[in-house]
Structure formats: structure tokens, C-alpha cells
Amino acid sequence: MSQKIQAIRGMNDILPEQSIWWQWVEENIIALASAYGYQEIRPPVVEKTELFKRSIGEVTDIVEKEMYTFEDRNGDSLTLRPEGTAGCVRAVLEGGLIHNQSQRLWYRGPMFRHERPQQGRYRQFYQLGMEAFGFAGPDIDAELILITANLWQRLGLTSGVTLQLNSLGDPESRARYREQLVAYYQSHHAALDDDSRRRLESNPLRILDSKNRQMVEINRNAPQFFDHLDHGSREHFDQLCRHLERCGIAYEINPRLVRGLDYYSKTVFEWVTDRLGAQGTICAGGRYDGLIPQLGGRESAAVGFALGMERLILLLQQTEEAPPLARSPHAYLLLLGDAAQQQGVAIAEKLRQQLPRLRLTLHCGGGSLKSQFKQADRRGAEVALILGDDEVASATIGFKPLRERREQQQLTMSQLHSQLQQLIEGEK
RNA sequence: GUGGGCGUAGUUCAGUUGGUAGAGCCCUGGAUUGUGAUUCCAGUUGUCGUGGGUUCGAGUCCCAUCGUCCACCCCA
């Protein structure tokens with residue numbers, strides 16, 4: 001036997017036991033998206049490397065060491081997308097979708113980052129994102145947050161997640177604040193840990209978010225961003241809070257909430273949980289008005305979020321008592337004897353043609369009736385349909401309910417048709 | 001990139017101071033020659049992650065390597 005080939009580290013198979021959960025979550029998201037008037041957009045998984053460098057920021061960890069970058073045959077540098085917003089903005093500009101008009105869009109799909117895998121973090125991971133273009137006010141910020149809150153509700157996630165909010169201000173006030181912060185930390189340089197000294201160069205705002213206990217004291221006395229917020233951003237933020245309050249959405253203001261990606265400004269938010277180990281953020285987003293001109297478009301407002309599918313599903317699996325119901329077959333057709341085996345495929349196909357919504361599994365491969373019944377039961381079928389020599393001779397089919405106490409019946413084909421129809425209409 | 005835990009059947013795991021590799025579940029067949037989910041009986045399943053070393057003898061001890069999980073960094 002030759003060597004087994006394994007999947008790549010951090011890139012997992014979603015097996016049927018798991019895909020039930022994925023389908024359930026995705027069905028809810030799709031329903032919500034259309035309920036709020038968002039349309040799906042599907043940009044490619046690969047883009048020019050330059051796109052991510054320009055949008056995410058040259059000096060971020062993602063761009064510096066986590067991207068799957070390779071050279072195409074013609075020498076272009078290409079990259080597997082590490083996040084969804086950049087490609088989405090590129091597509092929207094290229095397609096002319098935000099030329100003098102607004103758009104509400106959503107996307108889903110795999111993202112790639114070369115990081116060490118751990119709980120809730122993988123090299124190929126799935127994000128679901130929503131982006132709104134051309135809306136400058138806090139109403140749309142509120143709408144996006146409400147969509148996520150609505151999603152948790154539909155998924156039965158009534159506790160364990162909290163909403164954190166912050167404002168990063170406009171670029172000018174953020175730059176001013178950044179200067180003050182750098183000055184503050186430089187005056188306490190000796191007290192900083194190694195990570196914080198490094199962040200002082202790369203992303204000083206991140207120091208505020210340090211997990212190191214040693215940093216708690218020094219961070220407490222650091223200048224507060226809220227004191228440096230420009231009037232417009234302050235007003236925007238206050239109105240967002242009022243909207244959320246009127247909708248009964250609880251939130252916490254977290255002045256240390258900073259986004260890793262360069263393009264954010266004004267509103268930022270995160271949904272966090274303490275039930276997933278080190279990966280507490282299941283959904284994060286914010287406003288990025290500056291990104292579109294950065295990618296060559298005309299000045300335009302933009303706001304969006306992304307949620308991590310694996311993290312959300314992990315959390316749901318810890319919270320829900322039972323997995324969502326699988327779409328088990330309505331009927332399982334058992335075949336016994338040569339005559340039945342010869343006709344089985346055609347009979348099953350005819351039933352599916354007549355009843356398009358019927359979920360019918362055909363027993364393939366023969367075996368004893370007993371073992372065929374076992375299969376029917378294990379697949380979760382509502383009824384077993386029995387076709388043997390007797391049935392072929394009398395042009396009937398045996399109909400045995402497996403989930404309720406009812407006698408087995410011998411039915412003609414037209415009786416079978418109406419029984420199956422009842423079964424289909426009987427669900428939900 | 002850094003640190004720690006763990007690798008034994010499809011799966012969950014046991015395996016004594018080093019002495020011929022086990023159990024539950026799953027699966028297959030039978031008890032019932034055409035009736036599942038309960039019960040009883042029988043049966044299949046292994047490069048003990050891989051390579052090397054110590055030893056009369058290694059799943060067990062040592063070294064290396066790979067994989068995996070968790071954490072740091074960073075992020076959804």
C-alpha cells in the first residue's frame with residue numbers, strides 16, 4: 001500500500017457531521033441578508049498581491065508574514081485572499097457598482113492565512129461578511145450590528161456573546177492621538193515589555209490591548225482616545241449608541257478596542273465570547289471610509305463586518321443541546337430478489353420525477369432484507385418501501401413507517417404516490 | 001516564528017518494573033429461509049505516527065523527525 005496523503009496543516013475537511021451545522025448557519029444568514037436587502041457578491045479567491053498590500057497595510061502581520069503569495073506563470077505576484085473586504089471593494093469599483101449609487105452586499109467563502117493553527121483559527125478559514133457602500137451615517141452602522149444581533153437570536157445564541165464598541169475617529173484625530181500615545185509610551189520605555197516595544201513601531205494603538213498583566217498599570221494611565229475624538233466622529237458615535245438603545249441592543253464601550261487592519265476609521269465593533277479559549281472574537285467590523293480612494297475609487301463611505309464561521313459554529317456547538325436536524329430521507333427503498341433489483345432503479349427514479357421534493361434513498365448493493373432495514377433505520381428514513389418478488393408479482397409496494405406505530409401496508413403505485421405526497425406535505 | 005501536551009483498530013481509549021497487542025462503540029453475519037431501532041451469539045479490523053539507538057527481547061527506555069492539540073504573537 002502506498003503512503004496516505006494528508007490534508008495540509010490548518011486546512012480541514014468539513015465532514016457530513018459538521019456540514020449540517022454549516023448549512024444551518026448559512027441558511028439563516030442567506031435569509032437575513034435578503035430580509036435586510038443585501039445582495040451576494042462573489043469575488044475570486046486569488047487577487048494580485050498588490051491589492052492586499054495597499055488595503056490591509058504594508059506593515060501588518062498579515063501582509064508581512066501570513067499571506068499565501070506565489071508567482072503566476074507569467075510572473076505576476078498573486079495571493080490567496082487573507083480577508084474579504086479588499087476583493088469586495090476591488091470588484092465593486094471594477095464593476096462600477098458604486099458610481100453615484102449605494103450598495104448593500106454580502107459574501108462568504110474561504111480565506112487563507114499562514115498562521116499556527118489553534119482552537120478557532122485555521123489556515124483556510126471561512127468568513128461571512130457584509131459591506132455597505134455609499135452610506136455615511138450611523139444608521140447603516142446600526143443596521144449591520146442589528147443584522148448580527150438578529151443572527152445570534154435566530155441561531156439560539158441568547159447569552160455568551162457581548163457587543164463591544166469604539167470609535168477610532170477620523171484620520172486626523174487618530175494621527176494626533178497616535179502621536180500623543182507614542183510620546184507617552186516613549187516616556188515609559190523602560191516599563192514596556194518586548195511585544196509593546198515592537199508595537200510602538202508597528203501599531204502603537206495595539207499596546208492598549210495588551211494581554212500582559214505587566215502592562216495593565218501603564219495602560220490605565222495612558223491618554224484616552226475618547227478625549228481626542230473629533231466632533232464629527234463623536235456625534236456619529238453617540239447617534240449609533242442611541243439607535244442601538246432604541247432597538248434594545250446592549251453594548252459595552254471598550255476604548256481599547258483597536259482594529260488590526262489599517263483601513264478602519266470611526267466606528268469599530270466586535271462581538272466577543274469567553275467560551276472559545278484565546279480566540280474570543282467571533283465577529284468584527286467597522287467603518288473604512290478611507291479605503292476606497294486608496295484603491296483608486298472616488299471618495300465614498302463604506303462600512304462592513306466579517307464573522308468567523310468556524311468560531312461561530314464552535315460556539316454554537318457548545319451552546320446548543322442538539323445538532324440541527326439533518327435532512328434525512330422521507331423514504332428508503334429496499335429491494336429483494338432479482339426481479340426487484342432489476343426494476344428498483346427505474347421505480348425510484350420515476351417516484352423522484354413525480355414528486356420533486358421527495359427525498360428517496362435507493363438501497364444499492366443487495367444484502368439481506370434485515371440488513372437493508374438496518375440501513376433504512378440508520379439513515380433516518382421516515383418509511384421503508386419494500387419491493388420483493390411478491391410485490392413485483394402483485395404490482396404493489398410494501399410501505400412501513402419506521403418512526404411511528406402504524407401497520408405496514410401493501411399499496412398500489414397510485415396509493416404509494418399519495419402516501420408519499422402526504423409525507424412531504426406533513427413536514428413543517 | 002516561539003513554548004507546552006499528546007500520537008496504539010474506522011472511532012473512543014486501556015496496555016503493569018521492558019516479556020507474543022486488548023476493550024467499548026461501529027461494521028458484518030446469525031438466533032427469525034421477507035422486517036429496523038431492544039436482546040443474545042459469533043466474526044473482521046493494527047507499519048503501536050516514522051526512522052534510528054539501547055536490549056536476549058521495545059507499544060513501554062533514549063535520540064531524531066513528522067503529525068496533532070493548546071497557548072504566545074497576530075487575527076474572524
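Throughout, protein chains are lettered first and strands after them, A, B, ... in sequence-line order, and every chain is numbered starting at 1.
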Between [N] and [M], how far is it from one [atom1] atom to the other, in whole Å?
{"N": "B/U54", "M": "B/A14", "atom1": "P", "result": "31 Å"}
{"N": "B/C66", "M": "B/G10", "atom1": "P", "result": "25 Å"}
{"N": "B/G4", "M": "B/A9", "atom1": "C1'", "result": "29 Å"}
{"N": "B/G22", "M": "B/G5", "atom1": "P", "result": "31 Å"}

In this structure, how many angstroms lie between the C1' atom of B/G36 and the NZ atom of A/Lys400, rounded?
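Distance check: A/Lys400 NZ to B/G36 C1' gives 6 Å.
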Interatomic distance where CD belongs to A/Glu115 and P belongs to B/A76 [whole Å]
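Going from A/Glu115 (CD) to B/A76 (P), I get 9 Å.
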With heavy atoms under 4.0 Å as the rule, sort A/Leu128 into base, sugar-phosphate or nothing.
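Nothing, no nucleic acid heavy atom in range.
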What does A/Ala284 touch in the nucleic acid at a heavy-atom separation under 4.0 angstrom: a base, only the sugar-phosphate, or nothing?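 Result for A/Ala284 = sugar-phosphate.
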Run the salt-bridge test on A/Glu40 and A/Arg108 with the 4.0 Å N-O cut-off and return the result as yes or no.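 A salt bridge is present here (some side-chain N lies under 4.0 Å from a carboxylate O).
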Closer than 4.0 Å, any side-chain N/O of A/Arg116 to the OP1 or OP2 of B/G1?
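No, because none of the side-chain N or O atoms of A/Arg116 sits under 4.0 Å from OP1 or OP2 of B/G1.
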ask   = When you check the side-chain N and O atoms of A/His228 and A/Gln180, is any donor under 3.5 Å from an acceptor?
value =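 Distance-only check passes for A/His228 and A/Gln180.
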Contacts under 3.5 Å, N or O only, protein and nucleotides 37-39 of chain B:
| unit_1 | atom_1 | unit_2 | atom_2 | d |
| --- | --- | --- | --- | --- |
| B/A37 | O4' | A/Asp377 | OD2 | 2.8 |

